[in-house]
Structure formats: structure tokens, C-alpha cells
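Below, chains carry the letters A, B, ... as their sequence lines are ordered, and counting in each starts from 1. Just so it is clear, the values below take in all heavy atoms, side chains as well, and ignore hydrogens, waters and symmetry mates.
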Amino acid sequence: MLASTMPLQRSVAPILCVQPSRALVDEKFTVLVKNLPPGGPFTVRSLHLSEDNDYWEAYGHYVSNHQGELSVWDDLSFGGTYTGREPMGLLSSMRPIPGSRPGLRLRKKDVTTPMLVTISVYCGHEDYRDQTPLASVLTERWHMAPGVQRFPLQENTVRGTLFIPPGPGPFPGILDMWGGGGGLLEYRAALLASHGYVCLALEYFKPGEMTSANQEFSYFETAFNVIKDHPQVKTDRVGILGLSLGSAVTLNLATESSVVEPRCIVCVSPNNVFSQQTSIVGAFGDIFRFPVKHDENNCEIWREMILPLLKDSSRKVKKLRCPMLCISGCDDQNWPAVESVDDVMETLRAVGKDHLLTRADYPDAGHLIEPPFTPHFRATNFIRGSTMEKVVMLWGGQTKPHSEAQEDSWRKILSFLQHNLYGNDHARSRL
Amino acid sequence: MDRTQCCVQLSVQPSRALVDERFVILVEKAPPGFQLSVRALHQCEDGHSWEAFGHYISDATGTVNVSQDLSLGGTYSGVEAMGLLCSLRPVPGSKPGLRMRKKDVQAPMMVTISVYQGHQVEGFVDQVPLASVVVERWYVAPGVRRIPITDHGLTGTLFLPPGPGPFPAVLDLWGGGGQLVEYRAALLASHGFAALALDYLTAKVIRETGKMVEDQYFETAYKELQKHPQIVSSRIAMIGLSFGTTMTLKMAIYSKVVKLRCAVCISGSHVQPIEKSVEEILSSFNDRADKTRINEENQVIWRDLLLPIPTDPSLKADVGSLQCPLLLVVGEDDQNWPTKESAEDIQEMMERAGNSHLLTVLSYPDTGHLIEPPYSSHTRTSNFKPVGTNQKVTVLWGGQMAAHARAQEDAWKKMLAFLRENLYGGRKASAATQSNL
């Protein structure tokens with residue numbers, strides 16, 4: 001028999017085990033390899049084919065122990081796309097494979113299917129691309145927990161998708177908004193529903209079509225009410241979560257609206273440049289009064305342009321009526337997030353409302369603070385809303401601290417939402 | 001109850017898992033000292049509904065942790081993390097004698113876990129729960145490949161783990177009910193073993209020729225595994241339950257073709273006329289049908305058919321000449337086969353022959369015949385139609401639910417460890433085998 005004449009360690013594959021093999025995208029996994037030759041060099045690699053047909057990968061260089069085992073959770077990586085002890089490095093340090101189109105960003109569009117990631121182990125620390133892996137498994141990363149329902153909104157006035165957790169409810173609700181890239185992105189809303197919130201992912205303009213953007217404040221108020229008035233939502237427990245431009249809208253709703261009263265708000269990569277009177281288009285117009293800066297790679301840097309605008313618009317923050325969590329990256333090259341929060345803090349302090357604000361500023365984190373274990377993007381392609389131009393936008397951040405910021409901030413966001421939207425009344429701070 | 005309705009939170013972690021993985025069910029934000037029922041509901045592929053429930057009281061923080069807290073009643077009691085799955089039974093009003101067995105292994109088993117106010121025993125369907133979640137229980141890990149095997153007259157399904165391999169393999173046999181039962185093989189593949197579920201009693205070739213299979217059928221299946229480019233031909237095992245044990249021992253001891261690295265025999269016996277065909281073995285069992293017992297509930301007990309364990313060596317498989325490790329799994333309350341008595345005799349025979357170091361016996365008190373993968377509901381009795389008859393009877397399999405559930409969990413863990421050590425193990429395992437030659 002051919003098999004029995006082969007050296008023993010090649011006669012049967014090593015055992016590679018990823019636990020859990022099916023998980024939500026914000027859950028950790030362990031990667032354990034057994035039955036390897038002891039004390040040998042091995043590369044553990046992740047590979048994912050995106051919906052846009054680009055390959056993304058990450059890898060770490062490991063050394064097996066005397067029992068022929070290695071554990072990504074416990075052991076250190078000595079090279080690759082991440083180093084040191086990084087249990088989730090195989091996901092958070094993913095980047096497009098060499099030779100890919102530049103400026104890519106990984107974002108799940110179809111949230112009803114999982115993200116499929118192949119985890120493999122190879123011999124050695126050199127280039128593995130020509131090798132057959134020693135072992136390989138598939139893992140599923142889901143945005144939707146079982147039982148979460150997805151409803152694209154049919155209503156003409158509000159465009160978006162509603163996610164409802166399983167069970168009778170009623171549940172607290174969240175209005176979820178992304179930023180200046182536009183379009184409809186469902187993945188964070190799906191994940192929030194998997195954590196027990198009725199969540200509306202809202203579209204307020206199509207990518208690049210800034211002029212057609214829903215400018216009216218009332219659009220956002222209507223969207224909020226779609227959630228609030230839903231039969232499975234507790235009417236007095238609706239919050240708002242916004243990132244970037246979305247956080248500006250969020251702050252507006254929490255300070256200027258006479259129609260809606262969010263129970264709490266979360267602003268990621270916040271800014272407070274927009275007032276009710278200024279439409280989104282108008283605000284962008286304000287920004288571009290100043291010339292756009294570029295870095296050495298010709299990436300656009302917007303933070304400097306926006307900075308001067310802060311001084312004009314902080315006044316409305318005085319009217320804040322609910323707890324607010326601000327998540328910022330100190331290396332945010334797109335918006336002056338930290339300065340915005342400083343500004344908000346000052347204004348609130350002046351009227352004795354600073355207890356409403358909780359801030360988390362993350363050193364060396366950039367603008368795109370996403371749910372955990374997603375790759376970090378320092379600069380990606382972007383369609384400028386006002387001009388339809390394709391540019392490369394500098395978001396900022398260094399991979400390791402940015403990944404840590406994503407992991408930590410998500411935990412803080414969930415705990416803030418849990419406390420304010422699920423908590424008992426007497427536990428909340430009142431005005 | 002409006003305030004309560006919003007507050008109570010229910011979580012089951014993980015929400016997607018393999019069927020042999022545990023979960024943690026947490027109820028939070030209930031009022032402290034609150035009476036709650038936690039209930040599982042599952043609709044099986046036949047359309048029947050199965051349920052289980054436990055009665056709990058929340059602690060001072062308003063929390064119930066099913067893994068740590070006592071169930072005070074329901075379909076299970078005590079601290080039973082997986083009680084909601086182990087104690088699943090058909091909802092009141094269902095047909096009697098049902099058994100839950102997954103047919104489509106590529107789709108998950110969906111279970112709805114809910115929490116209700118108070119200690120309810122019935123009428124859940126008419127009430128609105130305080131909270132409810134859905135969990136998925138899978139027989140296949142992502143990437144496991146399912147390949148129907150129909151070559152060379154075989155009726156089987158091969159499950160391959162993901163990856164290039166090569167993998168060790170297991171030939172998986174069920175018992176006297178026949179059919180092609182895939183779920184254990186699918187689960188084994190999810191643990192890194194290529195696994196071939198083989199129908200050897202109701203296979204296509206049997207239906208077409210009207211004749212039972214011969215030894216050659218199993219040898220062909222074995223050779224198919226050996227030939228497979230992703231299987232290591234020298235690392236093949238067999239696992240058999242009930243009559244599958246009879247076949248496993250027959251092959252392990254007498255076949256000139258089948259060379260097993262190890263064997264697992266669950267709820268079976270070595271009692272069989274040696275050097276006879278499969279058909280003759282089945283006849284010999286049927287000849288003793290007069291030893292069938294029927295209890296007060298009209299349930300059939302077949303354990304006496306093979307008793308007393310014969311002393312005549314031609315009437316039992318010569319386990320003294322076994323050359324590979326053997327794991328026996330025994331339910332001491334097995335009412336269908338005399339598993340315990342057989343295991344004792346096997347032990348004696350192997351001690352006399354000097355190969356008892358190959359034998360491991362896992363014997364479980366209050367455990368019945370149907371020792372299935374963990375957290376499957378315990379079937380103490382069910383409707384059964386043995387192959388070759390038109391008679392449907394209600395068979396008593398045996399076992400008490402809590403003990404049986406524990407046995408399933410423990411046996412599975414130990415079976416996997418046994419298979420891993422013998423099929424994946426390196427020099428250690430092959431040295432043990434060589435020392436018997």
C-alpha cells in the first residue's frame with residue numbers, strides 16, 4: 001500500500017479545528033491545529049472571496065509545540081499580516097491578495113447569507129501560494145442570527161430595510177445610518193437585530209447622487225417614527241446610531257427635532273457641523289469652499305477642511321436631551337472627530353449637561369470604525385457626493401490599534417444600548 | 001405585565017452549532033424570584049411537533065442560567081444544561097411510538113426556545129411567550145461534502161471533511177430497521193473522519209434481487225474507501241449499532257479483505273453463528289422469536305432471544321482473535337439486545353485469549369439500546385418494523401431519560417477520542433497494533 005510507505009507525518013492530514021464554525025461576525029473563534037510535526041514552522045491563513053469577486057486573505061507564522069499543536073488563540077505569530085498574540089488576526093488583518101484592484105473595501109451586501117472564510121494551515125513560513133495546504137476548513141460568519149427577519153421597506157417615503165429579532169417583542173428600536181458614501185448598507189442593522197433590537201438601516205441618498213439626497217429633516221423624523229410606531233417596538237425606547245455623516249444627522253435629531261425623542265444616541269466618527277437649517281447638500285457645499293488636501297499617494301484628506309466649520313455650529317448641542325456615546329479615532333483623517341467631541345463636551349459642560357456624554361477616543365484608529373473583526377481600511381475608493389468624482393479617500397488609522405478600537409468600541413456600543421434601551425427606568429440618568 | 005414583557009431577555013449561545021455541542025441558555029432582566037418556564041419547540045421533518053420545558057425561578061438579579069440553575073419540574077428536572085433537547089417528546093395528542101431522526105442532514109434542526117411566565121405544563125401554544133429565540137443545530141460542519149455512493153451495487157452516502165485530506169475513514173452501520181441513515185456519518189465527517197453510511201438491509205440491490213447481501217458487500221464498501229484519493233487506506237475503522245455490531249465483528253474478525261484499524265460496537269452482541277451468511281444470521285435470530293416477551297404496555301422485549309450467552313464457540317464471534325482495538329458501548333438497561341451479558345462474555349473470552357488489552361468497555365447504568373449522538377431525545381419505546389417482516393410493533397428499547405442522556409454525551413466524547421487516537425494517532429497507535437501480530 002502506498003500510504004504505509006509514506007513518512008508517518010504525511011500519512012494522515014493534521015487536524016484543523018475552528019470553533020465555532022458558524023458564528024455571528026462579532027463573535028471570536030479559536031483555531032487549533034493538531035497532529036503536526038512538533039516544533040515546526042507553519043503558516044495559518046484565511047481566504048475569502050468577496051461578493052465583488054476579490055480575494056482577501058490574512059496569515060500568521062507559527063511554530064508548533066512539542067505535541068505537534070498550535071493554537072492561534074494562545075500562540076504568537078512571528079510574521080504575516082499580523083504579529084504577536086492576535087486571536088482574531090486572521091479576520092481583522094485581512095487585505096486584498098497581491099495583484100488586486102487598489103482601494104478596495106470589504107462590506108457584506110447580502111446579509112441573508114454568511115461570509116465564508118477558508119482557514120488553512122501550510123508548511124513553513126515562506127510563500128504558501130504554490131502549496132497544497134496541510135488541512136483546510138470552512139467557517140461561516142453571519143450578520144443575522146437565526147430567526148431574525150428582514151423586511152425591505154415598501155413605504156414610498158422612507159427607503160431602507162427593517163430587521164426584527166425573533167420573538168413576540170416588543171423590542172427597543174434603533175435607527176441606523178451610515179455616512180457620506182450613500183447607498184443602503186444593512187450589515188450593522190442586521191447585527192444589532194441579532195442583539196435584540198428592531199433596527200432600520202436607512203438609505204438617505206444613492207452613492208454619488210448627493211443632489212438627489214433627502215435633504216429634509218422630516219425624512220429622518222419619518223424614518224424614526226417608522227420604527228417607533230412599529231407594533232413590535234416599545235415606543236419610548238428607540239435610539240439612533242450614526243457613523244460619520246450619519247452621526248451628524250443623529251445629533252441633529254437628538255437636539256433639534258420637535259417630533260422625535262430618541263432615548264439615546266451613538267455617534268461614531270462624529271461631527272456636529274450640520275444644523276437643521278443646512279441641508280446635507282448645503283453642508284457639503286460649505287466644506288468644499290476650502291481646497292481639498294492630498295497626501296503623498298494622492299488620497300484626499302478632508303479633516304482639515306472641516307475643522308473651521310466646527311466653531312459655527314456647536315450651539316445646538318446645548319439642546320441635547322438624552323445620553324450620547326461618541327466613538328472617535330484619534331487618527332481620523334476624514335473628519336476631525338476628536339475635535340468635534342471636544343467641542344460638544346465644552347458646550348454641554350457650559351450648560352451642565354456633560355453627564356449625558358460618554359466618549360471613547362481611540363489612539364491610532366481611523367474614521368471607519370466598524371463592527372469588530374472586519375478589516376481595517378486606511379484609504380479606499382470613494383465617490384464624491386457632490387461631483388460624482390471617483391477619488392481615493394484617506395480614512396486613517398493603523399491596522400492593529402484600529403482593530404482593537406473596533407473590538408472595544410463595539411462592546412461599549414452594545415453595552416450602552418443595552419443599558420439605555422433595555423435598562424430599567426430608574427437605572428437611567430434623567431434630566 | 002407590560003414592563004416585564006419588554007424587559008425579559010433570552011439568549012442562547014451559540015445560536016448555530018453542531019448537534020453535539022452544548023449551548024448556554026440565559027434568561028435576564030426578569031423580576032427577581034420570578035417563576036418562569038423555558039420551553040423548546042421543534043417541528044421535525046415528518047411534521048410532528050416535539051417539545052420540552054423546565055420550570056425555573058429567577059435569582060435576585062432576575063437571571064436564570066439553565067446550565068447552572070435547577071429545573072424544578074417539567075420534562076426534565078435538576079441542573080440540565082441540555083435538558084431542553086434531551087427531553088424533547090411529541091406534544092400531547094401526537095401519534096404514539098414516534099422517534100426523531102434527521103433525514104436531510106444538510107439542513108439544520110431548528111429549535112425555538114421560549115420563556116413563559118409561571119410554571120406551565122401545557123397550553124404553551126395558546127400563550128404569548130415573554131421572549132423567544134431560534135437556534136440551529138447542524139449535523140454537518142461548513143464545508144463537509146456529501147457524496148451518494150451507488151457504484152458496485154452499494155447503497156450508501158460518503159461524507160468527506162473539508163480540506164485536501166487525506167483523512168482516515170469510518171464505515172458506519174446502523175441496525176435491524178435498515179434504511180440509509182446518514183446523521184452519525186455526517187457528524188463524524190464534521191469531526192475530521194471520512195465516513196460512509198451504508199445501507200446493508202434495504203439497499204437497492206436487495207430490493208431488486210430479493211436476496212440479502214453477503215460479506216462481499218461490506219468488503220466492497222471497505223475497498224471503495226481504500227481507493228478514495230482523499231482517504232488513507234490503512235486507517236479505516238467500523239462503527240456499528242445493534243445488528244451493525246454483528247456485522248462489524250464479523251468483518252473485523254473473519255474478513256480477509258477488511259483490515260480495521262479499530263472498531264466501535266454500540267448496543268450489540270458477539271453472539272452469531274460463525275461462518276454463516278448475513279441471511280443465515282438473521283434467520284437464526286428469527287428462529288428464537290419464541291423468546292420474545294411482551295410487557296404490560298404491549299411493548300416488545302427482544303433481549304432474551306440471544307440469551308443465555310452460548311458456550312459453544314461456533315455460536316459466537318471469536319473475539320479472542322481480534323487484532324485491533326475494540327470499544328464496546330453498553331446500555332445496562334438495554335431491553336432489545338443482551339448487550340451487558342455479551343460485553344461480559346467478550347471480556348472473558350479476550351482475557352482467556354490474551355488480547356483483552358485491545359478491549360475498552362463503556363457500560364452505562366439505566367441506559368437503553370438506542371445510544372445516539374448526544375443531546376438527541378431519548379427514545380425509550382417506539383414503533384419498529386424489522387427488516388423482512390411486515391409487522392409493526394412497539395419496541396421497548398429501555399433506559400431512563402436523564403441517565404441515558406448522560407450516557408450518550410459521555411459515550412460520544414469517548415468514541416471520538418478513541419477514533420482520533422487510533423485513526424489519527426501516529427506511531428503510538430500502529431505500535432499497539434503491531435504488538436499483536
Assess the residue pair Glu27(A) and Gln13(B) against the criterion (side chain to side chain contact (heavy atoms under 4.5 Å, CB included)); give the C-alpha distance rounded to whole Å, side-chain angles, the decisive distance to 0.1 Å, and a yes or no.
CA-CA 11 Å; Glu27(A) 289 167 357; Gln13(B) 288 290 347; 3.4 Å; yes
Please flag which part of Gln230(B) lies under 4.5 Å from any non-hydrogen atom of chain A: side chain, backbone, both or neither.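 For Gln230(B), neither part sits under 4.5 Å from chain A.
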So, the part of Pro168(B) with a heavy atom under 4.5 Å from chain A: the answer is both
Contact class of [X] relative to chain B, heavy atoms under 4.5 angstrom:
| X | answer |
| --- | --- |
| Thr132(A) | side chain |
| Gln418(A) | side chain |
| Leu24(A) | side chain |

CD (Gln9(B)) and CZ (Phe171(A)) are apart, to the nearest 0.5 Å, by 10.0 Å
Q) Rounded to the nearest 0.5 Å, how far does CD of Glu21(B) lie from CD of Gln19(A)? A)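 The CD atom of Gln19(A) sits 4.5 Å away from the CD atom of Glu21(B).
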Enclosure of Lys256(B) NZ (heavy-atom neighbours >12, cutoff 6.0 Å)
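It does not: Lys256(B) NZ has 12 such atoms or fewer within range.
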Next on the checklist: Quick one, Ile15(A) with His191(B), criterion side chain to side chain contact (heavy atoms under 4.5 Å, CB included). Give me CA distance, side-chain angles, the key distance, then yes/no.
Outcome noted: CA-CA 9 Å; Ile15(A) 304 174; His191(B) 285 281; over 6 Å; no
task: For the pair Asn35(A) (side chain) and Gly425(B) (backbone), establish whether a donor and an acceptor sit closer than 3.5 Å, ignoring hydrogens and angles.
output: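 Not confirmed, Asn35(A) side chain does not pair with Gly425(B) backbone.
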Of all heavy-atom pairs between [X] and [Y], which one has the smallest distance, and what is that distance?
| X | Y | value |
| --- | --- | --- |
| Val128(B) | Pro168(A) | CG1-CB, 3.6 Å |
| Arg22(A) | Ala141(B) | NH2-C, 3.7 Å |
| Val12(A) | Leu423(B) | CG2-O, 4.4 Å |

